[in-house]
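Some notes on the structure that comes next.
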Amino acid sequence: MERIENRIARITSLAIRELYNSGENPENIQVKSTRKDQKGDYTVVTFPLTRISRKKPEETGTEIGNYLKTHLPEISDFEVVKGFLNLILADKFWVDFFNGIAGDLEYGHKPVHFDSPVVVVEYSSPNTNKPLHLGHIRNNLLGFAVSKIISAAGNHVIMVNLVNDRGIHICKSMLAWQKWGYGITPESSGIKGDKLVGEFYIRFDKEYKIEIKELISKGLSEEQAKVEAPIMKEAQDMLLKWENSDPETIELWSRMNSWVYEGFDKTYQQLGVSFDKFYHESETYKLGKDLVTAGLDNGALFRKKDGSVWADLTSDGLDQKLLLRSDGTSVYMTQDLGTAHQRFEEFQFDRHIYVVGNEQDYHFKVLKLVLKKLGFDWADKLYHLSYGMVELPHGRMKSREGAVVDADDLILEMIDTARKVSAELGKLEDFPVEEKELVNYRIALGALKYYILKVDPQKTMMFNPEESIDFNGNTGPFIQYTCVRIRSVERKAIEMSVKSGFGLTSDLELDPRESTLLKRIYQYPDILEEAGRSLSPALVANYFYELVKEYNHFYQVCPILKEPDTEKRDFRLALSKFIANHIQDGMGLMGIEIPERM
RNA sequence: GGACCUGUAGCUUAAUGGAUAGAGCAUCUGACUACGGAUCAGAAGGUUGGGGGUUCGAGUCUCUCCAGGUUCACCA
């Protein structure tokens, strides 16, 4: 069915033709939701139309308003304020709308067909030399939520993770473990695998710094010292051994990586994120060389005297970019060219989204340009979802120095806080231990996820571990609570054998709180579509916050089960039930679960 | 230095070029013996970093300056 905004625009266009004998495309007519502090549901902005009517805004608004009122039965009245024509819709419109959607558990979703667009979302993509931290949390939550949202918006989504499991960094951890590990394992120490490996990475850096200091005191420059430090040379030797498939090195490498994966799995599980497919750099790092060679042959790329291969991007306002070293080995960019190509062959995707921090803006700009240079038109389908860094009160996180908010620690802290608050409120006293823990977990993760996802992805966000997470106000638990309370009313209704009703109530007179809610709900499909288009879970978060606030206003003044008029009572119960389902579904898009009770 | 991003109440943040810039936290004042008070009603808090331009209309577009961040490796 045609959206009411479009209908208003279309009829307004007819009004202009009839009243002023002039044409104006419906697309050019601004119809928007009326501001909260004004009377009305939808507003036609008439400022721009005065140029056609050649009359004052007020007069133009009144004339068009009269026309709309007689030609659109849904419009019960209108009001003109300056250049704004505020239209009031009849209750019947909202009640009919509700009757059409009341039973829909996935309201607003577009179905995914076999020929729906295919979207690959790459996110998480960790290094295996250190555990996940707060920055990864934002990445993971964004990647997962965006995937769910575009899936609900009618796309076939494939979530992938490209694990960086090779390179000098993992060799550093391996070397430190050999030197100072004395055979320690996660099993022998009880330390989570990724944490254990991370500790050796930090240990390497510590020893490395000591060696640099010593060399500088012996008269070397800092740059020389960094290169000459024996421990760094050892690490580089190890990388060489790895590349030459030295059995002992490979064995240690796969052993330590397996520790890390076990650790990551636990963290992913706690965060509730998942992937359809994993890629490993150890298997992809040689990809892309063929593409570069081909580009060299057809003149898209060029070779310098020392044998290195470059792309010239100066005409695009960028620099020259190295693609193959003089010794013929490839760099990170080369591999990304290769994996993009591989994935296009594999999925024939319509869109490929990389969820990667904005510190790599340059990298992805170059990636697209080079692919285009190489003649791949599908480079336009690549999109870098560039999100802002997470900052702490004392500045940026530095993982080598251990100055990070660890993902697991943060989650534990959140659960701990949830426990304390629950205990203070005394809400869960009669719950079985298991349910109590589950509820605290869901509240904790709900708070964390909502807090991070409600911020526009592009923006740098501030995170104060002590103060940031609240359970009141614009928070996950606030939304969860509203839903849980409705569920409680539903249980009560069953006890009282009250049944929710819809479908027979077209003549119902609505309370303003009810029509406000219905108006909000009516907007949801547009919100979801926009969130999918702009890849912003924040839009979904904000929508549900507004909805929940409005529901709480309603709940405060409109009795549900105590309402004497049974038709009203049944309608309110049905509306509440719908909203609970709606919240549950929408929060699900952000990976937030609703407890049964809380 | 070049390129890109960000600047909104004390703090965390909203606002497809539209009306008096909207919330939450913190602060202050209130709510029937609760269909669940992790709620609700209210007060106070702003020159949207500064200045010019475009427009009937600018937090939003444009130019410039200021502040902060990221990036420009034969690292990933």
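Within every chain, numbering begins at 1; the chains are lettered A, B, ... in the order of the sequence lines, protein sequences first and strands thereafter.
- Remark: B:U71 base-pairs with B:G2. Criterion, Watson-Crick or G-U wobble with two distances under 3.5 Å.
- For A:V455, taking side-chain heavy atoms from C-beta onward, the closest of the listed nucleotides B:A19, B:U13, B:A23 is B:U13.
- Side chain to side chain, A:T43 and A:T34 meet the donor-acceptor criterion of an N or O pair below 3.5 Å.
- Between the side chain of A:D456 and the base of B:A15, no donor-acceptor pair of N or O atoms lies under 3.5 Å.
- Whole-Å rounding puts the A:M461 CE to B:A14 C1' distance at 15 Å.
- Annotation: proximity of residues 40-51 of chain A to RNA chain B (heavy atom, distance under 4.0 Å) is found for A:T43, A:V45, A:F47, A:P48, numbered in ascending order.
- For A:E391 and B:G7, the CD to P distance is 13 Å, given to the nearest whole Å.
- If you take CD of A:Q30 and C1' of B:U16, they are 9 Å apart, rounded to a whole angstrom.
- Checked against A:N164 for a side chain to side chain contact (heavy atoms under 4.5 Å, CB included), the options A:H280, A:Q335, A:H169 give a single hit: A:H169.
- In this structure, A:K32 reaches the B:G18 phosphate: one of its side-chain N or O atoms is under 4.0 Å from OP1 or OP2.
- The number of heavy atoms from other shown groups lying within 6.0 Å of NZ (A:K304) is above 12.
- Evaluated for a side chain to side chain contact (heavy atoms under 4.5 Å, CB included) with A:V260, the options A:T128, A:N129, A:V163, A:D165 yield exactly one hit, A:T128.
- Taking the C1' atoms as reference points, B:U33 lies 38 Å from B:A14, given to the whole Å.
- A:D526 comes within 4.0 angstrom of no nucleic acid atom, judged by non-hydrogen atoms across all strands.
- In summary, the side chains of A:Q584 and A:R487 do present a donor paired with an acceptor at a separation below 3.5 Å, with no hydrogens or angles considered.
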Side chains of residues 526-543 of chain A: which donor-acceptor pairs under 3.5 Å do they make with residues two or more places apart or in other chains?
{"unit_1": "A:D526", "atom_1": "OD2", "unit_2": "A:R3", "atom_2": "NH2", "d": "3.4"}
{"unit_1": "A:E530", "atom_1": "OE1", "unit_2": "A:R533", "atom_2": "NE", "d": "3.1"}
{"unit_1": "A:E530", "atom_1": "OE1", "unit_2": "A:R533", "atom_2": "NH2", "d": "3.2"}
{"unit_1": "A:E530", "atom_1": "OE2", "unit_2": "A:R533", "atom_2": "NH2", "d": "2.9"}
{"unit_1": "A:S534", "atom_1": "OG", "unit_2": "A:E530", "atom_2": "O", "d": "2.8"}
{"unit_1": "A:S536", "atom_1": "OG", "unit_2": "A:A538", "atom_2": "N", "d": "3.4"}
{"unit_1": "A:N542", "atom_1": "ND2", "unit_2": "A:A538", "atom_2": "O", "d": "3.3"}
{"unit_1": "A:Y543", "atom_1": "OH", "unit_2": "A:H582", "atom_2": "NE2", "d": "2.9"}

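- Rounded to whole Å, the P atom of B:A58 lies 16 Å from the corresponding atom of B:U62.
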### Message
Protein within reach of the bases, or only the backbone? For nucleotides 34-40 of chain B, mark each nucleotide 5' to 3' as B, S or -, using heavy atoms under 4.0 Å.
### Response
-BBSBSS
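- Annotation: cation-pi geometry not satisfied between A:K321 and A:W310 (NZ/CZ under 6.0 angstrom from ring centroid, within 45° of ring axis).
- Among the heavy atoms of the strands lying under 4.0 Å from A:Q458 are primed sugar atoms or P, OP1, OP2 only; no base atom is included.
- One atom, CD1 of A:I452, and another, P of B:U12, lie 15 Å apart when rounded to the nearest Å.
- Remark: P of B:U71 and NE2 of A:H384 are 12 Å apart, rounded to the nearest angstrom.
- Pair assignment for B:A31: B:U39, on the basis of Watson-Crick or G-U wobble contacts that are both within less than 3.5 Å.
- For the pair A:Y543 OH and B:A15 C1', the interatomic distance rounds to 18 Å; values are reported in whole Å.
- Between A:V31 and A:S330, the one whose closest nucleotide on RNA chain B sits nearer the 5' end is A:V31.
- Here the separation of B:G42 from B:G22, taken at their P atoms, is 14 Å to the nearest Å.
- B:A19 and B:G7 have their C1' atoms separated by 26 Å, with the value rounded to a whole Å.
- When Watson-Crick and G-U wobble pairs are counted only if both distances are under 3.5 Å, B:G7 pairs with B:C66.
- Rounded to whole Å, the C1' atom of B:G45 lies 12 Å from the corresponding atom of B:C11.
- The partner of B:G59 cannot be assigned: no Watson-Crick or G-U wobble pair with both contacts below 3.5 Å exists in any strand.
- In this structure, A:R54 is not positioned above the aromatic face of A:Y20 in the sense of NZ or CZ being under 6.0 Å from the six-membered ring centre and within 45° of the axis.
- When each of A:I168 and A:K365 is assigned the nucleotide of RNA chain B with its nearest heavy atom, A:K365 is the one assigned upstream, toward the 5' end.
- For B:U12, neither phosphate oxygen OP1 nor OP2 lies less than 4.0 angstrom from any side-chain nitrogen or oxygen of A:K454.
- Listed nucleotides: B:G18, B:A76, B:C25. Nearest to the side chain of A:Y332: B:A76.
- Taking atom CG of A:D361 as the reference point, atom P of B:C4 lies 11 Å away to the nearest angstrom.
- Counting only N and O atoms by type, the side chains of A:D336 and A:Y354 include no donor and acceptor under 3.5 Å apart.
- Looking at A:S576 and A:Y551, their side chains do bring a donor and an acceptor atom within 3.5 Å of each other.
- A:T60 and A:S53 form a side-chain donor-acceptor contact under 3.5 Å, judged by distance and modelled atom types alone.
- Nucleotide B:U12 forms a Watson-Crick or G-U wobble pair with B:A23, both donor-acceptor distances falling under 3.5 Å.
- Rounded to whole Å, the separation between the C1' atoms of B:U29 and B:G69 comes to 42 Å.
- Cation-pi geometry between A:R138 and A:Y387 is not met at under 6.0 angstrom from the ring centre and within 45 degrees of the axis.
- Set against B:A14, B:A19, B:U71, the side chain of A:R35 has B:A19 as its closest nucleotide.
- A gap of 40 Å separates the P atoms of B:C32 and B:U48, to the nearest Å.
- In this structure, the CD atom of A:E530 is 15 Å from the P atom of B:A14, given to the nearest Å.
- A pairwise comparison of heavy atoms in A:Y450 and A:N474 identifies OH-OD1, 2.5 Å as the closest pair.
- Only the P atoms considered, B:A41 is 11 Å distant from B:C25, to the nearest whole Å.
- Residue A:R325 has a polar side-chain atom (N or O) positioned under 4.0 Å from OP1 or OP2 of B:C75.
- Backbone-only contact: A:E281 has heavy atoms under 4.0 Å from sugar-phosphate atoms and none from a base.
- In terms of phosphate contacts, A:K36 brings no side-chain nitrogen or oxygen within less than 4.0 Å of OP1 or OP2 of B:U20.
- Within the 4.0 angstrom heavy-atom criterion, no nucleotide atom of any strand lies near A:D37.
- The nucleotide whose nearest atom lies closest to any side-chain atom of A:T34 is, among B:U70, B:A19, B:A14, B:A19.
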